[in-house]
Protein chains: 2
Amino acid sequence: MLSISKRSQYGLYFLIFLAKSKQGKFFSIKKTAKILHLPYRYLSQIAKDLKDKQILASKEGSGGGYFLTKKPEEISILEIIELLQEPINLIDCEQNICEHKHNCKMRKIFLSLDNQMQTMLKDIKLTAFYD
Amino acid sequence: MLSISKRSQYGLYFLIFLAKSKQGKFFSIKKTAKILHLPYRYLSQIAKDLKDKQILASKEGSGGGYFLTKKPEEISILEIIELLQEPINLIDCEQNICEHKHNCKMRKIFLSLDNQMQTMLKDIKLTAFYD
DNA sequence: TTAAATTCCTACTAAAATAGTAGGAGTTTG
DNA sequence: CAAACTCCTACTATTTTAGTAGGAATTTAA
């Protein structure tokens, strides 16, 4: 099944939750995980990744938590997926080690498909998920 | 990495090979696997699947092998991928068990993306891979 | 100054999917 | 009858995904 990982899915849920919520507040993983019914420890890894990528910022300590660093309308799902699940790369040709050079029309075609997908995903921002 | 399985990739290689080759001939897995540098036993499973889906037909016994049942210009890579790797389903909502009903804007958006991908893949036929 | 609530860090584990391997039965042709 | 095939089914090894676990460091507020 060609699909998005849970990791990306959960990350997306979290970001959408933040996007819909009041700005300027901190949201703790523990509370948010409970609200969204997501596994706490797993979500905290994901949040950490998203912070390293600077889509999120955090404040430690009591009353701390995470918040978005950008406007929801500036965050695309491509960004999120590429961070949490590696790049979109429909066919993995492991850089030219492959023996099927005569078939590498295939590579070109799939690279073009990759680009089309990226374009599609780049155009969908967090705001698209508002009710 | 959001990508096509080896299974789909090998299946595609095999079908492209057949498409490019002389019609009316039988191609054995053993020989073709050698030519394409693909694992013999694995490829034979794949070929069997493709036969069950009726993209291929086969003849048993000495001198036998596989051949395409359709014209290359009628076989899309969507067909191949969907057979060998299950449907494209970017987000797997395991039919409404999910607790995020309030987020199911997500479901709609991803279903639409699925459709767009399917359309893209449906338009690419085996003939696109000729040199 | 201490307790509570948080992020941060790293290592481990369990489950599922993917990518094969293996052996031999049945079929067909020369 | 032997060789060259497909067909069938079961097993295995590897990799990826989806978590769990424990505690250090940080911050706030009582």
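Chain identifiers are assigned alphabetically (A, B, ...) following the order of the sequence lines, protein sequences preceding nucleic acid strands; residue numbering begins at 1 within each chain.
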R7(B) atom CZ is separated from dG20(C) atom C1', nearest whole Å, by 10 Å
How many Å lie between CZ on R41(A) and C1' on dA24(D), as a whole number? 12 Å
I need the NZ-C1' distance between K59(A) and dT6(C), as an integer number of Å. 10 Å
Atom CZ of F67(A) and atom P of dT6(C): how far apart are they, to the nearest Å? 16 Å
Quick one: is K6(A) getting a side-chain N or O under 4.0 Å of the dT16(D) phosphate, OP1 or OP2? no
Can you work out whether E60(B) or Q85(A) has the more 5'-proximal nearest nucleotide on DNA chain D? E60(B)
Give the nucleotide from the list dA19(C), dC9(C), dT7(C) with an atom nearest to the side chain of K48(A). dC9(C)
Taking K70(A) first and then E79(A), would you say they form a salt bridge - that is, a charged N and a carboxylate O separated by under 4.0 Å? yes
Under the 6.0 Å and 45° cation-pi test, does K105(A) pair with F129(B)? no
Find the distance Y42(A):OH to dA14(C):C1' and express it as a whole number of Å. 13 Å
To the nearest Å, how far apart are Q45(B) CD and dC7(D) P? 13 Å
Please determine if a side-chain N or O atom of K51(B) lies less than 4.0 Å away from the OP1 or OP2 oxygen of dC7(D). yes
Could you state the CD1-C1' distance from I46(B) to dC7(D), rounded to the nearest angstrom? 15 Å
Does a nitrogen or oxygen in the side chain of S58(B) sit under 4.0 Å from OP1 or OP2 of dC7(D)? yes
Compute whether any side-chain donor of one residue and acceptor of the other, for E73(A) and T127(A), lie under 3.5 angstrom apart. no
Which sits closer to the 5' end of DNA chain C, D52(A) or S62(A), going by the nucleotide each is nearest to? S62(A)
Need to verify one output field. Residue with the more 5' nearest nucleotide on DNA chain D, F27(B) or G64(A)? F27(B)
Less than 4.0 angstrom between a side-chain N/O of K30(B) and OP1 or OP2 of dT6(D), yes or no? no
Greater than 12 external heavy atoms within 6.0 Å of K30(B)'s NZ: no
Could K48(B) and D52(B) be called an ion pair, given the rule that one side-chain N must be under 4.0 Å from one carboxylate O? yes
For I29(A) and dT20(D), give me the distance from atom CD1 to atom P, rounded to whole Å. 14 Å
When all nucleic acid strands are considered with a 4.0 Å heavy-atom cut-off, which category describes F26(B): base, sugar-phosphate, or nothing? nothing
On the nucleotide dG20(C), are OP1 or OP2 found under 4.0 Å from the side-chain N or O atoms that Y40(B) carries? no
